Structure formats: C-alpha cells, structure tokens
Amino acid sequence: MEKNRPIGIFDSGVGGLTVAKAIAELLPAESFIYFGDTRHAPYGDKSSHTIREYSQRISRFLVAQNCKAIVIACNSASAAAYQQLCADFPNIPIINVIDPAVKYIAQSEASKVGIIATRATVRSKVYAQRISAANQNLTVVQKATPLLAPLIEEGFAGTDVSKGALAHYLNHSSLKKLSDLILGCTHYPLLEEEIAAFLGPKVRVLNSAKLAAQALQGVLAWQDLLSTSVDAGKRRFYVSEKTPAFTKIAKMFFGQEIRLEEKFLKS
Ligand code: DGL
C-alpha cells in the first residue's frame with residue numbers, strides 16, 4: 001500500500017541513527033530504510049560537489065527501494081545537496097535537518113546562538129544565513145569541529161579522547177556567553193551529555209533529531225502519507241562498509257534484531 005512504503009534515511013555513518021531513533025519513537029508504525037555511507041565518511045571534510053554526488057547516489061538507491069520520503073539525516077548533506085535532491089525527486093517529500101532547527105531557534109528566546117558543525121556545514125553558512133533571515137535580533141556564531149564526527153564514528157564518544165576534543169573546541173572565545181548551542185551535525189547528539197555538562201546549565205543545547213522527526217510527521221500528514229499499519233514498522237539498515245562502531249551503536253539504539261547489510265553503490 002502506498003502509505004505503508006518505507007521512509008529512506010541517510011547519513012555518512014552513525015550520526016543519522018540519532019534521527020532514525022527520533023523517527024522510530026515519534027512514528028513507530030513507519031518502516032524505514034537507513035543508509036550509512038561509512039565508506040565515504042566523514043562527509044564534513046569533502047567538497048560540496050562530492051557530498052552532492054554521494055547524496056544523489058544514495059537517494060537513487062532509496063527511491064529504487066520504493067521509499068515514500070527521504071530524510072537527509074546529515075547536516076553536511078542537507079547544506080550541500082537538499083536543493084539538488086528536491087530537483088532530482090520532485091514527487092517525493094524530502095526533509096533536511098537544518099530548517100526545523102532554524103525555525104525552532106528563530107522563534108525561541110535565544111540571544112546568542114552558537115553552531116558547532118563540520119567544515120562543510122560551516123563553510124556553507126546555511127545556518128547563519130537562515131537564522132539571521134528568520135530573526136535579525138539573534139547573534140550567530142559558527143565553529144567548525146572537524147574531529148568530532150570521526151571520533152564518534154571510531155567509537156570514542158564518552159572517553160578522554162572526546163573530552164579533550166570538546167574542551168579544545170568549546171573553550172574557543174567565540175563560543176563564550178552563548179544562550180543556545182545548536183548541534184549542527186547529526187553525530188553530535190552522541191556527545192550531547194558531555195557537551196551539556198561542559199557548557200553548564202545556562203546554555204541550552206539543541207539537538208535537531210526530534211525536530212526533524214516532527215517535520216517529517218507534518219509533511220507525511222499533509223501529503224496523506226502516514227502509515228496505516230497497526231504493527232511496528234520494519235527497519236532495514238545498510239552501510240557502504242561495515243564498521244564495528246556502526247554495528248555497536250545501531251544495536252544500542254534499536255535492539256538486538258537489527259540486520260546490517262553491506263551495499264556498495266556505483267556512481
Ligand atoms: N552527520 C553528518 C552531519 O550532520 C556528517 C558528519 C561527517 O561525516 O563529517 O554533518
């Protein structure tokens with residue numbers, strides 16, 4: 001049935017699992033197919049052109065799997081490829097992870113907003129431009145934190161390695177006196193507790209996974225595409241290369257029954 005087709009979700013690796021988990025919690029009847037492009041991670045250090053090409057390749061695969069919507073569960077790909085994917089697949093709703101966070105922060109009581117993200121996302125200036133366009137009263141500062149996604153991908157979250165990297169980045173003078181910090185990379189919620197503990201209670205830490213799940217729910221409802229299944233949705237996980245961290249984190253998020261399939265996508 002049309003409405004019970006899966007949702008396609010993709011990221012460079014484990015980061016998008018934070019979004020997939022939020023989707024599974026908010027929309028338990030939805031099936032999804034997740035693709036982690038571990039062979040090409042990290043995306044954050046690649047050119048926009050390359051990130052676009054990988055995103056198109058994965059989206060073609062997800063559409064061929066009969067997905068009814070695509071969630072770009074990666075900020076770097078949201079910044080580099082969202083418009084291209086909307087043009088490539090005009091008949092499929094496409095959700096990015098940047099716009100829901102921008103909308104939320106622009107309407108909040110924030111004053112000085114920090115964004116930590118990959119180099120690709122910071123270079124795009126998408127957050128800064130869209131937040132300033134939505135609310136001119138906000139001060140926006142961005143800081144590239146390129147070590148964080150690879151260290152999470154390698155399984156170093158919650159260790160002295162992540163503590164050291166966070167201290168190095170978050171002590172930067174531009175990030176002083178923040179009201180809010182946006183985790184501008186879907187990998188970073190895996191460090192959320194460490195980041196919040198480092199910044200203290202005066203700084204709100206915004207993780208866009210739940211906001212992206214809500215945006216997806218809104219679009220599916222509007223297009224009358226919400227699943228009508230009474231069973232829990234089916235979940236399939238693909239990676240372009242199996243890695244120990246992916247298996248561990250996917251199992252931690254979704255339980256023992258996950259079936260991880262390796263899939264090499266040709267250009
Ligand atoms: N999780 C991705 C993001 O939100 C990509 C991180 C990376 O591969 O560099 O930007």
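Remember, it's 1-based here, ligands and their atoms both numbered in the order they're listed. In this text the structure is predicted, and so the values were computed from the model without any measurement.
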My understanding is that a hydrophobic cluster links ILVMFWY residues whose side chain heavy atoms are under 4.5 Å apart, including indirect links. Using that, what else belongs to the cluster containing Val230?
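The other cluster members (ILVMFWY side chains, heavy atoms under 4.5 Å, direct or chained): none.
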Report yes if some heavy atom in the side chain of Leu17 is under 4.5 Å from a heavy atom in the side chain of Phe246; otherwise report no.
yes
Check: Val14 and Glu153 side chains under 4.5 Å, non-hydrogen atoms
yes
Looking at the rings of Tyr43 and Tyr54, which for Trp means the six-membered one, are their centres under 6.0 Å apart?
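Aromatic pair counts; centres sit under 6.0 Å.
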Apply ring pair (Phe, Tyr, Trp, His ring centres under 6.0 Å) to Tyr127 and list each qualifying residue two or more places apart in sequence or on a separate chain.
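Result, ring pair (Phe, Tyr, Trp, His ring centres under 6.0 Å) vs Tyr127: none returned.
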Within the 4.0 Å heavy-atom sphere of ligand 1, strictly under, residues:
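If the criterion is a heavy atom under 4.0 Å, then ligand 1 touches Asp11, Ser12, Pro42, Tyr43, Gly44, Cys74, Asn75, Ser76, Thr118, Ala149, Cys185, Thr186, His187.
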Could you pull out all residues at least two apart from Ala120 that satisfy side-chain contact (heavy atoms from CB on, under 4.5 Å)?
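Once residues adjacent in sequence are excluded, the partners of Ala120 under the side-chain contact (heavy atoms from CB on, under 4.5 Å) criterion are Ile51, Ser76, Thr118, Arg123.
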